[in-house]
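Predicted model, so just to flag it, every value in this text is computed and none were measured. Just so we're on the same page: letters track the sequence lines, and every chain starts at 1.
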Amino acid sequence: MATEFHNLQELRHSASLANKVFIQRDYSEGTTCRFQTKFPSELDSRIERTLFEDTVKTLNNYYAEAEKIGGQSYLEGCLACTTAYIIFLCMETRYEKVLKKIGRYIQEQNEKIYAPRGLLITDPIERGMRVIEISIYEDRASSGSSSGSSSTSGTSAR
Amino acid sequence: MHLGLDEPVRECQYNQICTRNSSPMETLSHKKKRTPRRKWQIFPGRNRFYCNGRVMMARQTGVFYLTLVLIMVTSGLFFAFDCPFLASNLTPAIPVIGGVLFLFVLGMLLRASFSDPGVLPRATPDEAADLERQMDAANGSSGPGYRPPPRIREVVINGQTVKLKYCFTCKIFRPPRASHCSLCDNCVERFDHHCPWVGNCVGKRNYRFFYLFILSLSFLTIFIFAFVITHVILRSNRSGFLNALKDSPASVLEVVVCFFSVWSIVGLSGFHTYLISSNQTTNEDIKGSWSTKRAKNNYNPYSYGNVLTNCCAALCGPLHPSLIDRRGFIQPDTPQPLSHSNGSGLYPSTQNHTHMAAATPLLHSDPVMMGRAGPPPSGKTSLGGPCSSLAPSQPSLPSSMPGLGCAGDMLTLRDPDAHCHHHHFVSPEEMPSPLGPSSLVLPFAAHGGHLNPAQLYDPASQDSLHEDSVRGLVKLSSV
C-alpha cells in the first residue's frame with residue numbers, strides 16, 4: 001500500500017505512529033557527537049539507503065563543525081574567559097549557532113524527503129543527543145475519524 | 001469559620017506546585033487554571049533549581065555556603081583592614097588587583113556551582129523499550145566465543161577497547177567518560193567528581209569554571225597571605241610586633257585561614273593541572289583506567305598527544321549546550337523521560353505524536369515551546385518570586401525496587417541546616433543518614449556488568465558499597 005503524504009500537516013491528521021527507529025551514537029572516534037550510519041532494517045521499504053546515509057552524514061558533519069577545536073573556538077574561549085563569561089549573555093556560542101542550523105536542516109529534510117515517505121526525524125537535541133529518532137507512520141486510510149483519535153492511538157500501535 | 005485543609009503558609013512556600021488542595025471549593029476553581037509548567041519542575045534527578053530553573057545545584061548546598069562565606073569574609077577583612085595601609089604605603093595597585101582577583105574567583109565559583117555540569121537526560125520510554133529489546137535479543141542469540149554481557153557494549157576508541165555500561169536509573173548506555181552521580185542521581189558527561197565545596201557535580205560543561213575557580217582562588221589566597229604578612233611586617237617595623245597585631249587584629253584571622261587553605265587549594269590546582277594536561281578525569285585517575293599498571297599497552301585514547309593541545313581543548317574548547325532544557329515548557333504530548341515513579345508523574349509516559357516540525361529548542365536561555373501543540377506560554381508565568389527555592393517534587397518510589405530509595409538516600413550528605421534554609425519538602429521516603437561531609441566524594445556508579453542480569457539488580461546497594469570504599473580511598477588520597 002503506497003502511502004503518499006504531501007506535507008507534514010497531512011501526516012499528522014491522517015497517519016498513526018507505527019514504530020520508532022533509533023539511530024545510536026557512534027563512539028568509535030571518541031566522545032565527539034557522531035551517529036551511526038548503519039541503515040536500519042525497518043526503513044528498508046521506506047526510504048532509499050543513500051538518502052538516509054546522506055542525512056546522517058550531513059548531521060555528523062554539522063556536529064563535527066560545532067565541536068571543532070581550532071582557531072575560532074580558541075578565540076571564543078579566550079574572549080569569554082577574559083570577560084568572565086559575561087559575554088555569553090549577549091552573544092550566542094558557536095555550538096548554539098550550529099544547533100540552529102541543524103534544526104533548520106532537519107526541518108527541511110523532513111518536509112522534502114521524510115514526510116512524503118511517512119517518516120519523521122526528531123532533532124537529536126530533544127533526545128539529549130543520544131539518538132536520532134525516526135518515527136514511522138502508517139496511513140490510516142480505513143478509518144474516517146482519524147484526526148481525533150490519532151493522538152491517542154499510539155498505545156495500540158505497540 | 002471553615003478553614004480549608006491547606007494552609008496559606010504552605011502556599012507561599014510552594015506556590016502553585018502543591019496541588020494537594022483538599023477543600024472542594026479550591027479544586028473547582030483551580031481546575032480551569034492550568035499554567036504551563038517548566039521541565040525543571042518534573043526533573044527526575046536529585047537536584048535543586050532556583051530562579052525558575054536558571055540555577056541548578058545539588059541537593060546538599062551547606063558546604064557551598066561555607067565556601068562562599070570563607071571567601072567573602074577573608075577577602076572582606078583584607079579589603080577593610082589591610083588594603084588602606086598597603087594602598088597608602090606601598091601602591092594602590094594592590095587593592096585593585098585584589099579586587100579583580102576576588103571578583104573573578106566569585107564569578108567562576110558561581111558559574112561552576114550554578115550551571116548544568118552536563119547532565120544526560122534520561123531515556124524516553126520508547127528508547128528504553130528499544131534498548132531492552134536489543135539487549136534481550138543479544139541475550140537470546142547464541143554465538144561462539146567471547147561475547148560481552150548484554151548490559152555492556154564495547155567500542156574501540158583510538159585503538160583502546162572501552163566498555164560502555166548500561167545505567168539502570170537513566171536507562172541508557174552511558175557514553176564513554178560519563179558516570180552516574182549517586183548524590184545527584186544523574187548521569188553526567190565527562191564526569192569528574194561531585195564537589196561539595198561547589199555544591200554541584202563537576203562534569204563536561206563546568207569543568208573549566210571549576211578549574212579556573214581553584215586556580216584563581218590559589219592566586220587569591222597566596223596574594224592575601226603575602227600581603228597580610230607584608231602589612232604586619234611593615235607595621236611591626238614601625239611600632240613593634242605586638243602593637244601591629246593589636247592595630248590590625250583581622251590580619252591574624254586572615255593569615256590562619258589563608259595558611260590552611262593554601263596547602264589544599266594549591267595542591268588541588270596542581271592536581272587538576274596534571275589532569276588537564278593528560279586529559280583525564282578525576283574519576284579515571286583514581287580508578288587508574290589508563291595507567292600502564294593495568295595493561296602493558298594501556299594508554300589514554302582521549303589525549304591529543306601533547307600537553308598544550310590537551311590544555312587548550314579543556315579550557316578553550318567549545319561550550320556544549322545543556323541537554324536538559326530546564327526552562328522549557330512541558331508539552332502534554334511530549335515524551336517524558338522515565339523516572340522512578342511508574343506512572344505517578346503528572347503526564348502519561350506513553351507518547352504518540354511527537355512534534356511535527358522538529359523545532360530546536362533554545363537551550364538555556366528563553367522559555368521555548370517545543371512543538372506546536374500545547375497551550376501557549378503566558379508571558380509572565382512566574383511560579384513564585386524570582387529566586388524562589390523550590391525542590392522538584394520527588395517522584396515516589398516504585399514498588400518493585402523498594403531498596404532503591406532508602407539506599408540511594410543514604411548516600412546523600414545530610415546537612416540539617418540546608419533543609420531549614422531551603423524550605424524544601426522532605427518526602428516521606430527520605431531517611432536521615434548519619435554520614436558527615438567528606439572532602440572529595442567520588443561516587444562510583446554501580447556497574448552491574450559482571451552480575452547475572454537475571455538476578456534482581458539493585459544498583460543502589462552496589463552504589464553504597466562502592467561509595468564507602470571509594471570515600472575511604474579518597475580521604476587518603478585527597479590532595
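Taking B:F102 as the reference, nothing meets the ring pair (Phe, Tyr, Trp, His ring centres under 6.0 Å) condition, with sequence neighbours excluded. Residues forming a salt bridge (Lys or Arg N to Asp or Glu O under 4.0 Å) with A:R130 (at least two apart in sequence, or on another chain): B:E127.
Residue B:P301 does not touch chain A at all, counting heavy-atom pairs closer than 4.5 Å. Residue contact with chain A, scored on non-hydrogen atoms closer than 4.5 Å, is absent for B:L103. At a 4.5 Å heavy-atom cutoff, the contact between B:I172 and chain A is made by side-chain atoms alone. For a residue to count as touching a neighbouring chain, one of its non-hydrogen atoms must lie under 4.5 Å from one of that chain's; by this rule B:V155 touches chain A with the side chain only. Looking at B:R190, there are no atoms closer than 4.5 Å to chain A (heavy atoms on both sides), in backbone or side chain.
If you check the side chains of B:Q280 and B:S278, you find a donor sitting under 3.5 Å from an acceptor. Side-chain atoms of A:R104 and A:Q109 form no donor-acceptor pair, as typed in the model, at a separation below 3.5 Å. Using modelled atom types and a 3.5 Å distance limit, the side chains of B:S322 and B:D116 yield a donor-acceptor pair.
Annotation: maximal heavy-atom pairing with chain A below 4.5 Å, among B:C312, B:A178, B:G107, occurs at B:C312. With chain A as the partner, the residue from B:R177, B:H320, B:K204 showing the most heavy-atom pairs under 4.5 Å is B:H320.
By the 4.0 Å N-to-carboxylate-O rule, A:K20 lies close enough to A:E133 to be salt-bridged with it. One finds a salt bridge joining A:K112 and A:E108 here, because a Lys/Arg side-chain nitrogen approaches an Asp/Glu carboxylate oxygen to under 4.0 Å.
Inter-residue side-chain proximity for B:P117 and B:R205 is flagged as unmet; no heavy-atom pair is nearer than 4.5 Å. Looking at heavy atoms from C-beta onward, A:Y105 lies in side-chain contact with A:Y62 at the 4.5 angstrom threshold.
Scanning residues 26-39 of chain A against chain B with a 4.5 Å non-hydrogen threshold yields A:Y27, A:S28, A:E29, A:G30, A:T31, sorted by number. The contact list for residues 65-77 of chain A toward chain B, using heavy atoms and a distance under 4.5 Å, reads A:A66, A:E67, A:K68, A:I69, A:S73, A:Y74, A:G77 by residue number.
A side-chain hydrogen bond (donor to acceptor under 3.5 Å, both in side chains) with B:R122 is found for one member of B:N186, B:T169, B:D185 and no other, namely B:D185.
Atom CD of A:Q24 sits about 7.0 Å away from atom CG of B:D130, to the nearest 0.5 Å.
The aromatic ring centres of B:F209 and B:Y207 sit 6.0 Å or more apart.
Between B:Y166 and B:F168, the ring planes are perpendicular. Angles over 60° get that label, and only those under 30° would be called parallel.
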